[in-house]
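Notes follow once the structure below has been shown.
Because only heavy atoms are used, hydrogens play no part in the values below, and waters and symmetry mates are left out as well, while side chains stay in. Proteins get letters first, then strands, A, B, ... in listed order; numbering begins at 1 in each.
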Amino acid sequence: MPKPLRIYNTLSRTIEDFKPLHEDKVGMYVCGPTVYNYLHLGNCRTFSSFDIIFRFLTYCGYKVRYVRNITDAGHLEGDRDEGDDKFAKRAKLEQLEPMEIVQKYTQYFHDVMREFNCLPPSIEPTATGHIIEQIELTKQILANGWAYEVEGNIYFDVAKYSQDNNYGVLSNRNLADLLDGTRELGGQDEKHGRLDFALWIKAKPEHLMQWQSPWGMGFPGWHIECSAMSQKYLGQQFDIHGGGMDLIATHHTNEIAQNCACSGTGPARYWMHTNMLTVNGVRMSKSAGNGFLPDELFKGTHPLLEKGYSPMSVRFFMLQSHYRSTLDFSNEALQAAEKGYARLMSAMKLIDTLKTDGDASAYIQELRNKCEFAMCEDFNTPIAIAHLFEGVTFINNVNDGREKISVADKTALKKLFYDFVFDIFGLKEELGSNNETLSDVVKIILEQRADAKARKDFASSDALRDKLLAAGIVIKDSKEGTTFTVVG
RNA sequence: GGUCCUGUGGCCGAGUGGUUAGGCUCAGCUCUGCAAAAGCUGCUACAGCGGUUCGACCCCGCUCGGGACCUCCA
């Protein structure tokens with residue numbers, strides 16, 4: 001591990017030293033998507049953030065078990081355990097089976113994660129695959145006296161739980177305030193308390209996704225799945241639990257209550273939450289209808305977008321802000337990121353071609369220290385990137401003969417950039433620059449142009465350059481020869 | 001109404017009690033047949049008003065503005 005790692009913990013609302021439960025191992029659980037619809041870019045930001053956290057923990061030498069679930073059952077429209085099942089509703093709309101909906105949107109989710117170059121988690125459990133575990137957990141909570149049954153529904157008793165526990169530990173709210181903000185129970189409401197939530201829900205006969213339980217046919221509540229699956233794969237207590245900030249108030253609060261009701265301890269020691277993506281200052285969300293689909297972003301088909309942006313440009317864009325800050329989407333900001341990213345990549349390509357000369361210096365090691373330090377301070381990617389850009393300037397200076405670099409430093413420099421840009425930030429080269437055939441063809445054309453230039457036939461050489469540009473290939477001349485890049 | 005976050009230069013976006021964040025943009029210069037690329041230089045900000053301090057963008061208070069959560073959403 002390079003430096004002591006420090007992490008902002010939502011529980012304490014401060015940055016704390018990170019000490020894993022087990023020496024060199026880290027258990028991390030991140031709430032994944034509910035696959036009843038296309039995921040939008042806001043979701044991508046959260047998963048990309050945790051992807052980088054996962055990658056950096058690995059870089060630090062930890063053996064990380066990263067569990068990210070897929071919610072494929074039990075999520076009702078209203079979190080107060082009312083309304084239709086999200087999957088059933090969507091299935092009706094698309095005239096498909098609920099599991100076809102699940103399959104379709106899980107596939108889409110995975111495709112997008114791959115586009116963003118997010119590593120797959122170590123385990124990706126589904127709610128439907130853990131019905132038994134959820135029933136067992138519910139039974140236990142019931143046995144411990146923290147829940148009650150009404151007509152085949154099992155509800156968590158928040159009032160009783162609150163007698164001995166702080167229900168609002170995570171959201172930092174007291175019970176009275178919480179009750180204040182909740183509407184009155186209706187006359188027919190089966191719940192004893194306004195904050196009570198369902199662990200198990202009785203299914204209507206026509207409901208397709210239902211399972212046998214001690215309380216009849218039904219399906220699990222939304223929150224119980226995470227308690228069940230995190231416990232199964234990471235144990236009663238593990239290191240990091242993450243998700244979007246919007247999950248703090250309800251989902252994660254209930255999850256902690258369930259775990260405490262079961263085992264007397266909350267699931268995680270460090271709770272990490274990513275902030276929201278905004279569009280024109282307003283939160284991007286499914287209900288607001290202002291969410292870009294990843295496809296729309298890549299192709300530029302959304303009305304708010306002037307053009308398409310590649311997945312890596314977007315990933316870089318996200319890296320330029322801290323995960324706990326809101327990030328605002330705009331064409332201008334996206335284009336700035338696109339250019340900055342291109343500059344970073346072209347500097348990296350230069351490293352191999354740098355001429356070595358001179359003595360070793362401490363510069364490269366200092367640069368690595370600075371990057372590591374930034375990441376160790378609650379995964380501060382924007383600062384790490386700022387330092388990397390100092391390295392970019394250095395590379396360009398060496399390339400232009402204003403600075404010197406020793407053989408050993410050149411190797412260290414390359415390692416530094418590859419470690420951070422590729423391994424930690426998860427960026428990669430894109431846009432066909434690794435397409436051998438295209439590369440060969442362009443080289444042939446560039447030779448023609450060089451001939452024309454040698455003959456001082458600039459009309460021809462410029463024509464070739466313009467035509468290449470029109471085809472999306474930008475060339476740049478230098479003393480060493482001509483190179484090219486493919487743009488979108 | 002309650003709880004909480006936030007207000008940085010043309011744009012995005014970090015950060016700290018006293019030294020340049022960084023990216024993009026714009027202007028000038030170097031290089032170049034021209035261009036592009038690259039480099040250098042310039043544009044030097046921290047909502048407003050008080051207070052604490054030798055000194056605050058960073059600490060405290062107030063005012064104004066933006067946003068989030070308390071129905072679902074990462």
Taking only residues two or more places apart in sequence or in another chain, which ones pass side chain to side chain contact (heavy atoms under 4.5 Å, CB included) with A:D451? A:R455
May I have the distance from A:D400 (atom CG) to B:A37 (atom P), rounded to whole angstrom? 14 Å
From the candidates B:G13, B:C69, B:G15, the one with an atom nearest any side-chain atom of A:N380 is B:G15
Answer with base, sugar-phosphate or nothing: what part of the nucleic acid does A:T393 contact at a heavy-atom distance below 4.0 Å? sugar-phosphate
What residues, two or more places apart in sequence or in another chain, satisfy ring pair (Phe, Tyr, Trp, His ring centres under 6.0 Å) together with A:H302? A:F292
Near-ring test A:F47/A:F109, centroid separation under 6.0 angstrom: yes
Pairing residues for A:S49 by the side chain to side chain contact (heavy atoms under 4.5 Å, CB included) criterion, not counting sequence neighbours: A:R45, A:T274, A:Y323
Mark yes or no: A:R68 above the aromatic ring of A:F50, with NZ or CZ under 6.0 Å from the six-membered ring centre and no more than 45 degrees from the axis. no
Is there ring stacking between A:F458 and B:G33, where the centres must be under 5.5 angstrom apart and the planes under 30 degrees? yes
Please name all residues satisfying side chain to side chain contact (heavy atoms under 4.5 Å, CB included) with A:Q365, sequence neighbours left out, ordered by chain then number. A:R368, A:N369
Check whether the ring centres of A:F329 and A:F317 lie less than 6.0 Å apart, and answer yes or no. yes
When rounded to whole Å, the CZ to P distance for the pair A:F317 and B:C11 reads 15 Å
Any chance you could encode RNA chain B as dot-bracket? Rule is Watson-Crick or G-U wobble with both distances under 3.5 Å; [ ] for pairs crossing earlier ones, | for another strand. (((((((..(((.....[...))).(((((.......)))))....(((((..]....))))))))))))....
Reading nucleotides 5-10 of chain B from 5' to 3' and marking B where a protein heavy atom lies under 4.0 Å of the base, S where only the sugar-phosphate is that close, and - otherwise, the string is ------
State whether the distance check finds a donor on one side and an acceptor on the other, under 3.5 Å, for side chain A:R283 versus base B:C69. no
